[in-house]
Amino acid sequence: MHHFMNDMSDEARRITFRLNAAYHTPDEVRGLLSELFGYEVPQTLRVFPPFYTDFGKNITVGEGVFINACCHFQDHGGVTLGDGCQIGHNVVFATLNHALAPERRKTTYPAPIVLGRNVWIGSNATILQGVTIGDNAVVAAGAVVTKDVAANTVVGGVPARFIKRIED
C-alpha cells in the first residue's frame with residue numbers, strides 16, 4: 001500500500017510541477033487538472049495556479065467551481081466541491097489525521113471533506129478531515145473548520161463557530 005501511495009504522490013507532484021512552472025491558458029490548466037484528477041473536469045472550472053495536491057485522484061469538482069491561488073488539497077480521504085463553490089487563496093483541505101499515541105502516530109486515518117453547492121471558503125481557511133459543509137455556507141477567512149457546517153450559515157474563528165444564519 002505504501003508503495004502505491006508513493007507512486008501516486010510522485011505522479012501528482014510531476015503534474016503539479018508542470019502546472020505551476022509556467023503560465024497556462026485556462027484550457028491548458030483544465031487539461032492538466034483532468035490528467036491529475038483522472039477524469040475530464042468541467043469546462044466551467046477555473047483554477048488560478050499554483051495548485052498543490054499530494055494525490056489528486058480523490059478530488060471531485062462540480063460545475064462553476066473557482067479555486068484561487070496557492071490552495072493545498074491533501075486528498076487521500078477525498079475532497080468533493082459541489083457546484084458553484086468558491087475557494088479563496090491559500091485554503092487547505094486536510095483529509096488525513098494521525099493517532100495521538102507516539103507509537104501509532106505514523107499511521108494515518110483518512111476521512112472525506114464534502115462541500116455542498118455554492119459554498120464560499122475564505123482565504124487561509126483550513127478544512128479538516130471528515131467535515132461536511134452544507135449548501136450556501138460561508139467559511140470566514142482564517143477559520144479552522146473541525147466540525148460539520150450547516151447549510152445557509154456563516155462560521156469563523158479557530159476552531160470555527162457559528163456566526164450567523166444567511167437569510168435570503
Side-chain angles (χ1 to χ4, degrees), residues 1-21 24 26-99 104-135 137 139 143-149 151 155 160:
M1 181 58 122
H2 289 305
H3 182 67
F4 170 75
M5 298 303 281
N6 284 336
D7 288 348
M8 294 303 294
S9 291
D10 283 346
E11 178 183 348
R13 282 193 305 276
R14 277 192 297 275
I15 297 167
T16 56
F17 286 0
R18 285 179 21 225
L19 173 66
N20 298 333
H24 298 282
D27 285 339
E28 291 169 336
V29 169
R30 283 188 293 275
L32 287 163
L33 291 172
S34 293
E35 183 180 348
L36 180 62
F37 296 174
Y39 65 92
E40 186 154 341
V41 300
Q43 284 293 326
T44 56
L45 173 65
R46 290 180 50 223
V47 175
F48 289 175
F51 175 89
Y52 304 97
T53 183
D54 60 353
F55 194 71
K57 301 296 188 235
N58 293 327
I59 299 171
T60 304
V61 296
E63 293 287 339
V65 169
F66 173 69
I67 302 170
N68 217 324
C70 299
C71 290
H72 295 255
F73 284 64
Q74 180 194 56
D75 66 300
H76 289 273
V79 176
T80 300
L81 306 180
D83 294 345
C85 285
Q86 297 180 56
I87 311 303
H89 291 94
N90 300 312
V91 170
V92 173
F93 294 93
T95 66
L96 294 176
N97 204 350
H98 300 264
R104 291 185 292 128
R105 200 164 288 154
K106 290 183 181 179
T107 303
T108 57
Y109 302 96
I113 294 170
V114 178
L115 276 58
R117 296 169 36 98
N118 303 313
V119 171
W120 175 18
I121 308 294
S123 295
N124 295 301
T126 299
I127 315 300
L128 297 182
Q129 68 150 18
V131 166
T132 296
I133 300 177
D135 293 350
V139 174
V144 176
V145 182
T146 61
K147 294 187 270 185
D148 290 354
V149 175
V155 300

How long is the straight-line distance from [atom2] of [Y] back to [atom1] of [X], given to the nearest 0.5 Å?
X	Y	atom1	atom2	answer
E28	L19	CD	CG	10.5 Å
N58	I113	CG	CD1	11.5 Å
R30	E40	CZ	CD	10.0 Å
T16	D54	OG1	CG	9.5 Å
L33	L45	CG	CG	6.0 Å
I127	Q74	CD1	CD	13.0 Å

Taking the side chain as C-beta and beyond, is there a heavy-atom pair between [X] and [Y] under 4.5 Å?
X	Y	result
I133	I121	yes
N20	Y52	yes
I87	L115	yes
I67	L81	yes

Worked verdict on T108 versus H76 for side chain to side chain contact (heavy atoms under 4.5 Å, CB included): CA-CA 10 Å; T108 57; H76 289 273; over 6 Å; no
Validation row, ring centre F73 to ring centre F51 under 6.0 Å: yes
Whether F66 and F48 hold their rings parallel, tilted or perpendicular, with breakpoints at 30° and 60°: perpendicular
Smallest separation among heavy atoms of H98 and R105, with atom names: ND1-O, 2.8 Å
Contact list for residues 120-130, test side chain to side chain donor-acceptor pair (under 3.5 Å), sequence neighbours left out: N90-N124
May I ask you to decide if [Y]'s main-chain N or O and [X]'s side chain share a donor-acceptor pair within less than 3.5 Å?
X	Y	value
D135	G116	no
T44	G64	yes
H24	R18	yes
K147	V131	no

Sole residue of N97, T95, V144 in side-chain contact (heavy atoms from CB on, under 4.5 Å) with L128: V144
